[in-house]
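Let me begin by presenting the structure, written as structure tokens, before commenting on it.
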2 protein chains.
Amino acid sequence: MNKKLPDKTVERLSQYRRALLNYLSGGKQHIFSHEIANLLHITAVQVRRDLMLIGYTGTLRQGYDVKELIEIIGKIIDTRDGQKVAVIGIGNLGRSIMGYFSGKRTRLSIVAAFDNNPEKTDKIYAGVQCYHIDQMAEIIKKEGISIAVISVPGEEAVKVAETLVMTGIRGILNFSPKPLNVPAHVYLQEYDMITMLEKIAYFAKKG
Amino acid sequence: MNKKLPDKTVERLSQYRRALLNYLSGGKQHIFSHEIANLLHITAVQVRRDLMLIGYTGTLRQGYDVKELIEIIGKIIDTRDGQKVAVIGIGNLGRSIMGYFSGKRTRLSIVAAFDNNPEKTDKIYAGVQCYHIDQMAEIIKKEGISIAVISVPGEEAVKVAETLVMTGIRGILNFSPKPLNVPAHVYLQEYDMITMLEKIAYFAKKG
DNA sequence: AAATTACTGTTATTTTCATAACAATGTTAT
DNA sequence: ATAACATTGTTATGAAAATAACAGTAATTT
């Protein structure tokens with residue numbers, strides 16, 4: 001069970017869960033693989049294969065028990081006590097991420113925000129305290145934060161990442177355009193808006 | 001030459017170009033594959049393989065001519081007249097995307113923004129005119145916009161996407177958490193913040 | 001009771017992407 | 001002049017991900 005799942009499967013499990021929670025509020029108790037597939041616009045085989053990997057098995061005539069499946073996915077992708085997240089850089093992007101989470105009940109909670117602009121520090125954004133970036137290491141250790149979102153400009157990103165690694169952070173989501181270099185024990189996911197738009201532009205070209 | 005390149009290669013070409021532009025401002029004329037690799041924290045083989053795919057060839061002792069390479073990448077991933085982009089939904093995320101582009105000289109230009117909040121429409125954000133979302137189809141056709149970024153809440157995303165497809169848009173970047181369904185001729189790239197953070201959380205778990 | 005149907009779970013194949021291996025070649029050192 | 005070196009371009013291999021193929025099975029139909 002604790003064997004690591006494929007990257008893409010984990011992504012889809014997260015999406016299955018949210019789709020199922022929504023589906024459940026429609027009152028239905030059971031769901032077929034092709035119905036899940038339709039919710040996500042993927043294939044039924046993909047769904048069944050993912051569920052095989054987490055060892056959940058449905059029933060032949062009814063499909064999957066929605067509540068049960070939601071619970072199983074939770075057991076796989078959540079930790080028992082949840083995980084704490086910090087957002088570094090409270091520009092528009094940082095605030096939008098904090099907005100996504102505020103009010104949502106999830107096992108991930110954003111518990112601290114950091115910025116180097118004194119006008120932003122010591123205030124509360126979307127229910128989260130914003131500290132000065134100099135306090136980052138201290139607060140991350142004290143709170144036991146394990147995940148960080150970097151939404152600072154490129155120039156500052158490298159330094160921020162170094163500090164984060166020092167604090168023992170375990171996962172980083174980097175929205176800055178600067179490629180980061182982290183040790184193998186830190187899971188790094190980069191997302192560069194410009195690159196993504198340029199890629200879309202390439203595939204959107206005619207001919 | 002017009003054979004479509006692998007998805008990931010296109011992403012890296014975009015990154016090579018930006019790294020090279022930056023490198024060029026340091027005054028150097030030539031660069032080796034392993035130096036490019038270091039800039040992006042990837043391997044030199046990967047770089048050489050990508051350049052092979054676009055048919056650019058360096059010299060044995062000097063490596064690659066930086067200016068030449070930048071130009072070649074431009075010929076591959078840009079269109080001659082550039083492409084126009086619209087941002088749908090001017091929340092924090094929409095504004096942050098517009099911020100990324102303002103001032104950057106690139107062949108992609110954000111030329112219109114849309115929102116359904118009357119307080120936001122008919123104003124200018126980051127130098128871009130914001131229209132009411134009802135005008136979307138009209139403006140997109142008139143301006144010849146080929147790429148759209150969806151940064152509206154999930155509830156509205158499906159309807160927005162339908163309208164976009166109707167206008168003949170060719171590429172969509174969807175930041176809403178709702179999976180979209182578009183015809184094959186529209187290149188769709190989804191990015192779901194919650195899913196990405198949950199994935200990072202999974203791989204950041206101990207054990 | 002046999003055949004058909006509509007699903008699931010799993011193995012096999014294909015595709016995409018990354019890595020490794022290595023031949024070719026100009027440059028420098030001996 | 002020969003050997004050693006550093007670099008490129010390309011082919012071969014490996015890994016990850018998606019898709020296809022199909023066996024198994026309970027319910028339903030004939």
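In what follows, chains carry the letters A, B, and so on, assigned in the order in which the sequence lines appear, proteins first and then strands, with residues in each chain numbered from 1.
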For [X] and [N], give me the distance from atom [atom1] to atom [atom2], rounded to whole Å.
| X | N | atom1 | atom2 | answer |
| --- | --- | --- | --- | --- |
| His34(B) | dT8(D) | NE2 | C1' | 12 Å |
| Tyr56(A) | dT10(C) | OH | P | 14 Å |
| Gln62(B) | dA6(D) | CD | P | 17 Å |
| Ile36(A) | dG9(C) | CD1 | P | 11 Å |
| Leu53(B) | dT16(C) | CG | P | 13 Å |
| Asp50(A) | dA18(D) | CG | C1' | 10 Å |
| Arg48(B) | dA23(C) | CZ | P | 15 Å |
| Lys8(A) | dC17(C) | NZ | C1' | 11 Å |

Nearest to the side chain of [X] - [options]?
| X | options | value |
| --- | --- | --- |
| Pro6(B) | dC17(C), dT25(C), dT8(C) | dC17(C) |
| Phe32(B) | dA18(D), dT8(D), dG9(D) | dT8(D) |
| Arg61(B) | dT28(C), dG9(C), dT8(D) | dT28(C) |
| Asp7(A) | dA26(D), dA17(D), dA21(D) | dA17(D) |
| Tyr64(B) | dA18(C), dT19(C), dT8(D) | dT8(D) |
| Thr57(B) | dT8(D), dG9(D), dT11(C) | dG9(D) |

Separation between CZ (Arg48(B)) and CE (Met52(B)), nearest 0.5 Å, reads 11.0 Å
Contacts table for residues 150-162 of chain B: side-chain donor-acceptor under 3.5 angstrom, sequence neighbours left out:
| residue | atom | partner | partner atom | Å |
| --- | --- | --- | --- | --- |
| Ser151(B) | OG | Ile88(B) | O | 3.1 |
| Ser151(B) | OG | Gly89(B) | O | 2.8 |
| Glu156(B) | OE1 | Asn116(B) | ND2 | 3.2 |

On a heavy-atom basis, the closest approach of Ile90(A) and Ala113(A) is CD1-CB, 3.3 Å
5'-most contact on DNA chain D (nearest-nucleotide basis), Leu51(B) vs Gln46(A), goes to Leu51(B)
Practice item. Identify whether any heavy atom of Thr9(A) sits under 4.0 Å from a base atom; if not, whether one sits that close to sugar-phosphate; answer base, sugar-phosphate or nothing. Key: nothing
Q. Looking only at N and O atoms, is any donor in the side chain of Arg49(A) or the base of dT10(C) less than 3.5 Å from an acceptor on the other one?
A. no
Under 4.0 Å: is that the gap between some side-chain N or O of Arg12(B) and OP1 or OP2 of dA18(C)? yes
Comparing nearest nucleotides in DNA chain C, the 5'-proximal residue of the pair Val45(A), Leu60(A) is Leu60(A)
Query raised in the report: Charged N to carboxylate O under 4.0 angstrom, Asp78(B) versus Lys205(A)?
Result: no
Taking the inter-plane angle between the rings of Tyr64(B) and Tyr56(B) on a 0 to 90° scale, is it parallel (under 30°), tilted (30 to 60°) or perpendicular (over 60°)? tilted
